[in-house]
Amino acid sequence: MRNALDIRMVANRYAAKLQLCSPQDPASFSLARAVHGHMIASGFKPRGHFLNRLLEVYCKSSNVVYARQLFDEIPSPDAIARTTLITAYSASGNLKLGREIFNGTPLHLRDTVFYNAMIIGYSHNDDGLSALELFRAMRRDDFRPDDFTFTSVLSALVLVVGNEQQCGQMHCAVVKSGMGCVSSSVLNALLSVYVKCASPLAISSSAMVSARKLFDEMPKRDELTWTTMITGYVRNDDLNGAREVFESMAEKLGAAWNAMISGYVHHGCFQEALIMFRKMRSLGIQHDEVTYTTVISACANGGFFQQGKQVHAYILKNELNPNHNLLLSVNNALITLYCKNDIVDEARKVFDQMPLRNIVTWNAILSGYVNAGRIEEAKSFFEEMLEKNLLTLTVMISGLAQNGFGDEGLKLFKQMRLDGFEPCDYAYTGAITACSVLGALENGRQLHAQLVHLGYNSNLSVGNALISMYARCGVLEAAESVFLSMPFVDLVSWNAMIAALGQHGYGAKAIQLFDQMLKNGVFPDRITFLTVLTACCHAGLVEEGRHYFSLMFENYGISPDEDHYARMVDLFCRAGMFSYAKNIINTMPSKPGAPVWEALLAGCRIHSNLDLGIEAAEQLFELTPQHDGTYVLLSNMYADVGRWNDVAKVRKLMRDQGVQKEPACSWIEVENEVHVFLVDDDVHPEVVSVYRYLEELGLEMKKLGYVPDTKYVLHDMECEQKEHALSTHSEKVAVAFGLMKLPPGATVRVFKNLRICGDCHNAFKFMSKVVKREIIVRDRKRFHHFKNGECSCGNYW
DNA sequence: GTAGGGTTAG
């Protein structure tokens with residue numbers, strides 16, 4: 001057992017070590033933790049410079065949570081400590097917390113560096129306006145700007161300024177700023193402003209001419225100046241210009257090479273990039289971390305997986321150990337390479353071997369899990385993460401939404417705002433997808449309104465998500481208006497809009513839009529054909545479906561996969577063309593899977609084709625024994641022809657297999673609509689209130705005759721479950737409730753987590769005809785619009 | 001204690 005003195009001595013020894021190590025060194029964090037721990041254990045109160053040093057290590061190793069704990073223990077943190085923490089917050093994207101520290105700092109504790117840190121934070125996080133606002137405040141508070149201030153403010157200006165004229169004004173302002181002789185660092189920043197304004201995305205290419213003029217007139221050019229010019233030309237799609245500047249450099253250093261390589265990569269000249277990569281080495285110019293990072297990420301994004309692996313091997317062979325901490329970003333790029341090629345486990349190996357990781361590393365793996373659909377692993381990995389930034393949350397929100405966890409996605413979206421993160425356009429995209437999954441139309445509308453307010457509504461991915469959301473929530477007009485208002489659309493937008501029309505039963509319109517897409521020169525993909533075939537299914541367009549199915553391969557070289565075949569089977573079966581359905585199943589290159597058999601079984605039920613239906617069901621019992629839909633369809637098929645003993649057998653089999661029956665439901669009233677959600681938990685408070693109405697509604701329903709007579713309700717379950725009939729089919733109850741309580745003409749909407757059953761489908765059709773009201777139902781698979789006894793999805797789903 | 005060029009997570 002050591003005594004306090006020993007502990008203090010050890011602590012002091014660590015402290016001395018800590019002074020020597022670089023804050024970026026991976027070992028420094030654990031060292032700092034050890035020192036800190038010893039100090040706490042010994043009751044030793046570190047002060048002043050030493051505390052700041054500890055704080056710096058925590059911050060620079062991206063451990064901002066520890067940093068904050070330490071900061072809060074400092075009795076009166078000075079400007080240095082505050083600056084350090086603000087910088088760490090802005091590096092992790094949490095400006096709000098940084099600004100809190102800033103605002104809580106009295107004027108007498110502030111200095112120029114302190115202001116600079118906050119301005120830089122804003123500018124790094126793309127918030128140019130706040131940076132400029134702070135710059136004004138700084139001058140109002142009488143602090144003198146220095147070179148750091150000017151360079152940061154200039155880079156912030158790029159974010160809010162779009163044209164060359166404004167660049168020119170800035171140029172004059174900088175020259176006039178009283179500094180007489182403008183320092184070369186400020187001139188470099190100015191050059192960078194011109195160059196960024198000149199990028200094709202940001203309007204003016206004549207800004208490049210001005211940039212060139214400034215460049216030619218600069219009294220002193222350093223490596224940074226040259227590299228800025230090279231990237232300027234690259235961004236302006238002028239590879240020759242870039243090359244010319246590069247060639248005219250007397251001494252070409254690494255960064256310039258990297259800029260050229262990156263230029264080639266961005267213009268798809270991958271071979272050129274690799275040639276330069278090799279040439280560097282042959283001329284004796286060291287590849288550095290950035291070179292490797294660029295080349296590997298190029299391979300990852302350009303689909304050159306094999307070359308990427310070769311570079312990896314090359315690093316392992318020639319370049320020491322990639323586990324060295326300097327190669328953090330290289331390892332990060334490697335992770336992306338493996339994730340993009342669906343080898344998350346390989347990426348995870350790289351991750352596990354890394355001595356130092358940062359937020360990028362963690363986010364890369366997280367998105368790897370998410371993109372591979374491995375949502376459970378993504379969830380637990382997310383929980384493990386101590387440090388999260390905007391991107392972490394965004395990835396997780398989209399991941400949850402895309403994998404059916406809409407409620408969790410929306411919850412996280414709300415939480416991120418409470419935690420001080422301002423959601424970006426991608427985060428909104430995820431949240432809208434979550435609404436889409438949940439059928440949460442009102443929530444989606446609110447988000448849409450916020451997006452318009454923020455100016456994000458013209459963003460491509462946001463627009464695409466909105467189209468799907470409105471379509472899946474049954475508001476086709478809104479989906480259409482989003483599509484039409486988008487300044488740019490891509491294949492995903494077309495696919496989403498074609499799907500929207502198809503979902504609503506407008507098969508012909510969907511095909512028209514598809515033709516228009518082709519006329520616009522957009523090349524379809526497998527999803528496009530899937531949506532077109534689905535549209536044909538919903539509208540019963542058999543000949544058209546066959547046409548597009550063959551067109552897909554013949555004209556576009558896309559081989560049909562499982563889902564395409566399933567659509568075709570569906571299409572034929574609905575039309576009663578069973579020999580065609582069987583025929584197409586026989587031509588499949590691989591063994592048919594569950595989607596194909598499901599389509600066959602559903603079709604057999606419509607036409608009471610028992611023999612074929614049983615065959616399909618047997619296949620399904622082998623492939624997906626836990627899937628409830630098979631049992632329900634099969635028993636319904638028997639019920640339709642009055643074979644009640646077989647119904648009971650199927651139900652018993654289902655119970656023996658431990659397959660859950662449909663869950664109960666809950667409902668909410670929103671304005672003039674009734675929304676119904678099915679939940680797994682029948683003690684859900686909303687379900688309880690449904691039960692409260694049950695008796696009354698039962699009477700009413702009988703009296704009004706809205707629900708077809710008993711066969712439809714009762715044949716779906718075993719005798720002993722009859723008393724629960726209404727709760728397992730409670731969407732009918734809810735609709736009846738809606739029809740009674742809502743004003744005439746209001747639409748009734750029903751949302752369900754599972755597929756609605758055939759009986760409810762029939763009931764809805766019946767109700768829509770008898771009471772002359774439109775009923776909108778959405779389940780996990782489809783959208784149904786009932787009107788005058790017909791449904792948009794055809795005879796059956 | 002704070003940047004400015006080349007790079008890594010959607």
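Sequence lines set the chain letters: A, B, ... in the order given, protein chains first and strands last, and positions in each chain run from 1.
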Item checked: Proximity to the side chain of Tyr426(A) - top-ranked nucleotide from dA3(B), dT8(B), dG10(B) -> dG10(B)
Checklist line | Rounded distance (Å) that lies between atom C1' of dA9(B) and atom OH of Tyr369(A) | finding: 15 Å
Margin query: What is the distance, to the nearest angstrom, from the CD1 atom on Ile432(A) to the C1' atom on dG10(B)?
Written below: 15 Å
Notebook entry, point to check: Do His266(A) side-chain atoms and Arg235(A) backbone N/O form a donor-acceptor pair below 3.5 Å?
Noted result: no
Next item on the list: Report which part of the nucleic acid Val395(A) touches: base, sugar-phosphate, or nothing (heavy-atom distance under 4.0 Å, all strands).
Entry: sugar-phosphate
Item checked: Pair of N/O donor and acceptor under 3.5 Å linking dT7(B) base with Ser329(A) side chain -> yes
Margin query: Whole angstroms only, please: what is the CZ-C1' distance between Phe150(A) and dG4(B)?
Written below: 15 Å
Checklist line | Touch class at under 4.0 angstrom, heavy-atom based, for Cys424(A) against every strand present | finding: base
Margin query: Counting the atoms with a prime plus P, OP1 and OP2 as sugar-phosphate, which does Asp222(A) contact under 4.0 Å by heavy atoms, base, sugar-phosphate, or nothing?
Written below: nothing
Item checked: Phe405(A) six-ring centre to Lys379(A) NZ/CZ under 6.0 Å and within 45° of normal -> yes
Item checked: Nearest listed nucleotide, side chain of Thr87(A), among dT8(B), dT2(B), dG4(B) -> dT2(B)
Next item on the list: Consider the side chain of Ala79(A), meaning its heavy atoms from C-beta on, and name the nucleotide among dG6(B), dT7(B), dG1(B) that approaches it most closely.
Entry: dG1(B)
Notebook entry, point to check: Picking from dT7(B), dA3(B), dT2(B), which would you name as closest to the side chain of Thr151(A)?
Noted result: dA3(B)
Next item on the list: To the nearest Å, give me how far apart CG (Asn332(A)) and P (dT7(B)) are.
Entry: 15 Å
Check: How close or far is atom P of dG10(B) from atom CD1 of Ile397(A), stated in whole angstroms?
Finding: 16 Å
Next item on the list: Identify whether any heavy atom of Thr394(A) sits under 4.0 Å from a base atom; if not, whether one sits that close to sugar-phosphate; answer base, sugar-phosphate or nothing.
Entry: base
Note to self: For a quick check of understanding: with a heavy-atom distance under 4.0 Å over all strands, which category does Thr228(A) fall into, base, sugar-phosphate or nothing?
What the structure shows: sugar-phosphate
Margin query: Tell me whether the NZ or CZ atom of Arg110(A) lies within the 45° cone about the ring axis of Phe143(A) and under 6.0 Å from its centre.
Written below: no
Next item on the list: With heavy atoms under 4.0 Å as the rule, sort Thr84(A) into base, sugar-phosphate or nothing.
Entry: sugar-phosphate
Next item on the list: Measure from NZ or CZ of Lys252(A) to the centre of the six-membered ring of Phe246(A), then state whether that distance is under 6.0 Å and the direction lies within 45° of the axis.
Entry: yes
Check: Touch check for Ala300(A), heavy atoms < 4.0 angstrom, all strands: base, sugar-phosphate only, or nothing?
Finding: nothing
Note to self: Within the 4.5 Å heavy-atom criterion, are Phe102(A) and Leu134(A) side-chain neighbours or not?
What the structure shows: yes
Check: Where the side chain of Ser367(A) is defined as all heavy atoms beyond and including C-beta, which of dT2(B), dG10(B), dA3(B) is the nearest nucleotide?
Finding: dG10(B)
Item checked: Among dA9(B), dT2(B), dG5(B), the nucleotide that comes nearest once only the side chain of Ala255(A) is considered -> dG5(B)
Next item on the list: Classify the side chain of Glu56(A) and the base of dG1(B) as holding, or not holding, a donor-acceptor pair under 3.5 Å.
Entry: no
Check: Base, sugar-phosphate alone, or nothing: which one does Asp111(A) contact when heavy atoms must sit under 4.0 Å apart?
Finding: base
Check: Over how many whole Å does the gap from Leu224(A) atom CG to dG6(B) atom C1' extend?
Finding: 10 Å
Note to self: Donor-acceptor check, side chain of Asp419(A) to backbone of Phe421(A), threshold 3.5 angstrom: yes or no?
What the structure shows: no
Next item on the list: Identify which nucleotide among dT8(B), dG1(B), dA3(B) has an atom closest to any side-chain atom of His124(A), counting heavy atoms from C-beta outward.
Entry: dA3(B)
Next item on the list: Name the closest nucleotide to the Ser297(A) side chain, picking from dA9(B), dG5(B), dT8(B).
Entry: dT8(B)
Check: Which whole-number value in Å describes the distance from Leu393(A) CG to dA9(B) C1'?
Finding: 13 Å
Checklist line | Distance test, side-chain N/O of Ser262(A) to OP1/OP2 of dT7(B), below 4.0 Å | finding: yes
Notebook entry, point to check: Please give, in whole Å, the distance from dT7(B) P to Arg235(A) CZ?
Noted result: 8 Å
Notebook entry, point to check: Between Asn363(A) and Thr392(A), is any side-chain donor less than 3.5 angstrom from a side-chain acceptor?
Noted result: yes
Notebook entry, point to check: Taking OP1 and OP2 of dT2(B), is either one under 4.0 Å from a side-chain nitrogen or oxygen of Lys60(A)?
Noted result: yes
Notebook entry, point to check: Counting side-chain heavy atoms from CB outward, which of dA9(B), dT8(B), dG6(B) is closest to Ala259(A)?
Noted result: dG6(B)
Note to self: I'd like to know if Asp288(A) reaches the base of dG6(B) with its side chain, counting only an N/O donor and acceptor under 3.5 Å.
What the structure shows: yes
Checklist line | Residue Thr293(A), side-chain heavy atoms: nucleotide from dG6(B), dG1(B), dT7(B) that is nearest | finding: dT7(B)
Next item on the list: For Tyr115(A), report the nucleic acid contact type (base, sugar-phosphate, nothing); a contact means any heavy atom under 4.0 Å.
Entry: nothing
Notebook entry, point to check: Is any side-chain N or O of Asp78(A) under 3.5 Å from a base N or O of dG1(B), one able to act as donor and the other as acceptor?
Noted result: no
